[in-house]
*Asks:* 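Encoded as structure tokens, here's the structure I'll be asking about.
Residue numbers begin at 1 in each chain, while the letters A, B, ... track the order of the sequences. Quick note: numbers below take in every heavy atom, side chains included, and nothing from hydrogens, waters or symmetry partners.
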Amino acid sequence: MNKPETKSNFIRDIIDDDLKTNKYKGRVHTRFPPEPNGYLHIGHAKSICLNFGLAADYKGLCNLRFDDTNPETEEMEYVESIKGDVRWLGFDWEDRLYHASDYFEQLYNFAVELVKKGKAYVCDLSMDEIREYRGTLTKPGKESPYRNRSVEENLDLLERMKAGEFEDGSRVLRAKIDMASSNLLMRDPTLYRIRKKSHYRTGDAWCIYPTYDFTHCLSDSIEGITHSICTLEFENNRPLYDWILDELKVHHPQQIEFARLNLSHTIMSKRRLLELVEEKHVSGWDDPRMPTLSGLRRRGYTPESIRQFCDIIGVAKANSIVDLVQLENCVREELNKTTQRVMVVLRPLKVVIVNYPEDKTEELDAVNNPEDPSMGTRKVPFSRVLYIEQDDFHEEPPKKFFRLAPGREVRLRYAYFITCEDVIKDKKTGEVVELHCRYDPATRGGGSPDGRRVKGTLHWVSANHAFDVEVRLYDHLFTKRDPSDVEEGTDYKSNLNPKSLETLTSCKAEPSLKGAEPGSRYQFERLGYFCVDTSDSTAEKPVFNRTVSLRDTWAKISKTIDK
RNA sequence: UGGGGUGUAGCCAAGCGGUAAGGCAGCGGACUUUGGAUCCGCCAUCGGAGGUUCGAAUCCUCCCACCCCAGCCA
């Protein structure tokens, strides 16, 4: 009721002001403008949630627009994946799916208009020459010798550029602004370049393509966007954005820049992600270690948890690195409430209950989700030979370790109290291979009628009833919080975590897990949240991806004991 | 170096001249058939230095640090 509701951010302030002054007649219309040259990642999710979220909150609209002006890198495959990811995240662009490439004709006409106004010219300088003429941060540029061509000549040249008369790179159309501007982007920026490349949507209809700066503002304008939200690195482009729209006297959206998301222990650059894929450091764009939406989805993340994450991290202008635990916390919070509990032993250690009958099997009741009684209960089979986790036994238990040890009594979840009586070791290696325990029949179900206390509760499976599953444990893709923090002479890849994937092939799962659907999520009790892999699972042998581990205070304690 | 930005706790982030929200992490404690969950409590004087004001994280001045810009990428 009186929660502080921390939705306040500087973009909302701007919108609130605009609403107050009736700047856009009370409209709020945003857009998410991806370039189809790669897969979407969690950083894009921030932008998607922001743009679609703002539109929803202000009863406005948000378009999905592909910013596809570069035929060299863009592909249909990316378009499809992007649409799928936006939908999966839970957003709907309804009938407002647009492409900058649909505006090529209009854009060209705008270019002609600029030429006619004497505000743009065809320049024959080479790329290198343009760079030289541009000057430097401290030295003003020089005007191009082609800068003062007549309108007629420019019109003729532009038309012939469009007609394909000139080679790639031989000429460009430039805005005529100010070669002495302290903002390099205003030193007669390129508006059109010649690229005799076929475009994934327009085919060979065009051989000249508009640049980002010319395309973006006008696309926004054409669509009636009110608030054009982009990332910080475009702050320098805003004067150009404004210049073009002012010269053309068209609808003028407000560009607003925010800080892109950086997540600790991973990278967000599309170029680098592509490199990881191409160099096979990961299995693909959807490798569960990738920060891509497809990777997170395969890892077991839910759309809700990602939206929640985007919500809590806020929006501001300060560069920052959000800690990954923040994201992990969001999934945990959701999966704790929604996920069915199940028992799986990752690294099995055989336990024989010596006083339990050889051929007996009991069906014990287990709660499916203590957070949600409506999820009911299930039966788990118990018998003489079980598996427990190797980690749950210590021959010489360290301080504060209250699991199984020689002579110690613990509870098997939903089953019985057992006491360890014998430790069987491999004669050669000395490795513990089997435990002999005695159970207390009075503690059936895990209760203790005499009020006897036990400090540990272990998960387990019945050896005869369990079946083998593969489990993949994931860790940070990079060892460093900031992967681009590197020694001289190396790059971010030197920070790749060699242990980011651990595959366990003979894990033992309780029988209720048979037939688990690909994509379905579970909590493996005491271990974490896992999701059936959608690519590599088979009916005989399911593969589980660990989405995130449970909070583990023992891990914390044992770490401090180590030191 | 010219220009454009940013600096509030370990990590995010509110704050808009009236005496530092919230989340995560951390620490302590309660409860517990997941060392899970839940619940309580603790945890900052705002990059620095001056100034204006009864009063400053908020206004002014200077300084420092970091980010972005010299693609016919976006």
*Asks:* Can you tell me the Watson-Crick or wobble partner of B/G26, both distances under 3.5 angstrom?
*Replies:*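 Partner of B/G26: B/C42.
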*Asks:* Between A/F10 and A/L125, who's closer to the 5' end of RNA chain B by nearest nucleotide?
*Replies:*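 Nearest nucleotide further toward 5': that of A/F10.
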*Asks:* Who pairs with A/N329 by side chain to side chain contact (heavy atoms under 4.5 Å, CB included), at least two apart in sequence or on another chain?
*Replies:*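 So A/N329 forms a side chain to side chain contact (heavy atoms under 4.5 Å, CB included) with A/E333, A/R551.
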*Asks:* Both distances below 3.5 Å, Watson-Crick or wobble geometry, any strand: find the nucleotide opposite B/U32.
*Replies:*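 Matched B/U32 with nothing under the 3.5 Å cut-off.
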*Asks:* Ring pair (Phe, Tyr, Trp, His ring centres under 6.0 Å) with A/H459: which residues, sequence neighbours excluded?
*Replies:*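 A/H459: no ring pair (Phe, Tyr, Trp, His ring centres under 6.0 Å) contacts found.
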*Asks:* Is the distance from OP1 or OP2 of B/C73 to the nearest side-chain N or O of A/R195 less than 4.0 Å?
*Replies:*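 So the side-chain polar atoms of A/R195 do come within 4.0 Å of the phosphate oxygens OP1 or OP2 of B/C73, strictly under.
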*Asks:* Report yes if at least one side-chain N or O of A/S8 is closer than 4.0 Å to OP1 or OP2 of B/G15; otherwise report no.
*Replies:*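 Affirmative; the distance criterion is met.
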*Asks:* With sequence neighbours excluded, what pairs up with A/V315 under the side chain to side chain contact (heavy atoms under 4.5 Å, CB included) test?
*Replies:*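 So A/V315 forms a side chain to side chain contact (heavy atoms under 4.5 Å, CB included) with A/N9, A/F10, A/I11, A/L50, A/F258.
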*Asks:* Who passes salt bridge (Lys or Arg N to Asp or Glu O under 4.0 Å) against A/E72, sequence neighbours left out?
*Replies:*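 For A/E72 the salt bridge (Lys or Arg N to Asp or Glu O under 4.0 Å) partners, ignoring immediate neighbours, are A/R195, A/K197.
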*Asks:* With sequence neighbours excluded, what pairs up with A/F166 under the ring pair (Phe, Tyr, Trp, His ring centres under 6.0 Å) test?
*Replies:*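 Counting only residues at least two positions away or on another chain, A/F166 forms no ring pair (Phe, Tyr, Trp, His ring centres under 6.0 Å).
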*Asks:* Quick one: is B/A14 close enough that its OP1 or OP2 comes under 4.0 Å of any side-chain N or O from A/K7?
*Replies:*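 The answer is no; no side-chain N or O of A/K7 sits under 4.0 Å from OP1 or OP2.
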*Asks:* Considering residues at least two apart in sequence or located in another chain, which fulfil the side chain to side chain contact (heavy atoms under 4.5 Å, CB included) criterion with A/R347?
*Replies:*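 Testing A/R347 for side chain to side chain contact (heavy atoms under 4.5 Å, CB included), a comparison that skips the adjacent residues, returns A/E389, A/Q390, A/L473, A/E502, A/L504.
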*Asks:* Run the side chain to side chain donor-acceptor pair (under 3.5 Å) test against A/Y387 and tell me which residues pass, sequence neighbours left out.
*Replies:*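 By the side chain to side chain donor-acceptor pair (under 3.5 Å) rule, A/Y387 matches no residue at all.
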*Asks:* Mapping A/K556 and A/V315 to their closest nucleotides on RNA chain B, which lands nearer the 5' end?
*Replies:*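 Residue closer to the 5' terminus by nearest nucleotide: A/V315.
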*Asks:* If you compare every side-chain N and O of A/R411 against the phosphate oxygens of B/U32 (OP1, OP2), does one of them come in below 4.0 Å?
*Replies:*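 Looking at the OP1 and OP2 atoms of B/U32, neither is under 4.0 Å from any side-chain N or O of A/R411.
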*Asks:* Find the partner of B/G7: check Watson-Crick (N1-N3 plus N6-O4 or O6-N4) and G-U wobble (N1-O2, O6-N3) distances, both under 3.5 Å, and reply none if neither fits.
*Replies:*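 WC or wobble partner is B/C64.
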*Asks:* Under 3.5 Å, which protein N or O atoms sit close to an N or O of nucleotides 38-45 of chain B? Give each pair with its distance.
*Replies:*
none

*Asks:* Taking RNA chain B as the partner, which of residues 264-273 of chain A come within under 4.0 angstrom of it by heavy atom?
*Replies:*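 Contacts with RNA chain B under 4.0 Å: none.
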*Asks:* Enumerate all atom pairs, one protein N or O and one N or O from nucleotides 67-71 of chain B, separated by less than 3.5 Å.
*Replies:*
from	atom 1	to	atom 2	distance (Å)
B/C67	O2'	A/N319	ND2	3.1
B/C68	O2'	A/N236	ND2	3.3
B/C68	O2	A/N236	ND2	3.3
B/C69	O4'	A/N236	ND2	3.1
B/A70	O3'	A/R134	NH2	3.3
B/A70	O2'	A/R134	NE	3.1
B/G71	OP2	A/R131	NH1	3.2
B/G71	OP2	A/R134	NH2	3.2

*Asks:* Could you check whether the side chain of A/D13 and the base of B/C16 have a donor-acceptor pair of N or O atoms closer than 3.5 Å, going by distance alone?
*Replies:*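 Check passes, donor-acceptor contact within cut-off.
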*Asks:* Within the 3.5 Å criterion, strictly below it, is a donor on A/E257 or A/Q255 matched to an acceptor on the partner's side chain?
*Replies:*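 A/E257 vs A/Q255: donor-acceptor pair found between side chains.
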*Asks:* Just jot down the side chain to side chain contact (heavy atoms under 4.5 Å, CB included) partners of A/R411, sequence neighbours excluded, or say none.
*Replies:*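 Listed in chain order: A/F417, A/V454, A/T457.
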*Asks:* Counting any heavy atom closer than 4.0 Å, what does A/V172 reach on the DNA or RNA strands: base, sugar-phosphate only, or nothing?
*Replies:*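 It contacts base atoms.
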*Asks:* Checking base pairs now: Watson-Crick or wobble, both atom distances under 3.5 Å. What partners B/A74?
*Replies:*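 Looking at the geometry, B/A74 pairs with no nucleotide.
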*Asks:* Is there a side-chain contact between A/S320 and the phosphate of B/A13, meaning an N or O under 4.0 Å from OP1 or OP2?
*Replies:*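 Looking at the OP1 and OP2 atoms of B/A13, one of them is under 4.0 Å from a side-chain N or O of A/S320.
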*Asks:* Students often get this wrong, so: under 4.0 angstrom with heavy atoms, is A/F402 touching a base, only sugar-phosphate, or nothing?
*Replies:*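 The residue A/F402 makes base contact.
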*Asks:* For residues 166-177 of chain A, which residue pairs pass the side-chain hydrogen bond (donor to acceptor under 3.5 Å, both in side chains) check, not counting sequence neighbours?
*Replies:*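 Every pair satisfying side-chain hydrogen bond (donor to acceptor under 3.5 Å, both in side chains) with a residue in residues 166-177 of chain A: A/D124-A/R171.
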*Asks:* Can A/E132 and A/K142 be counted as an ion pair, charged N to O under 4.0 angstrom?
*Replies:*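 Judged by the 4.0 Å cut-off on N to carboxylate O distance, A/E132 and A/K142 do not form a salt bridge.
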*Asks:* Looking across every strand, which nucleic acid part, if any, lies under 4.0 Å from A/Q326 by heavy atom: base, sugar-phosphate, or nothing?
*Replies:*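 It contacts base atoms.
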*Asks:* Please verify the inter-ring angle class for A/F544 with A/F524; under 30° counts as parallel, over 60° as perpendicular, anything in between as tilted.
*Replies:*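 The rings of A/F544 and A/F524 stand perpendicular, inter-plane angle above 60°.
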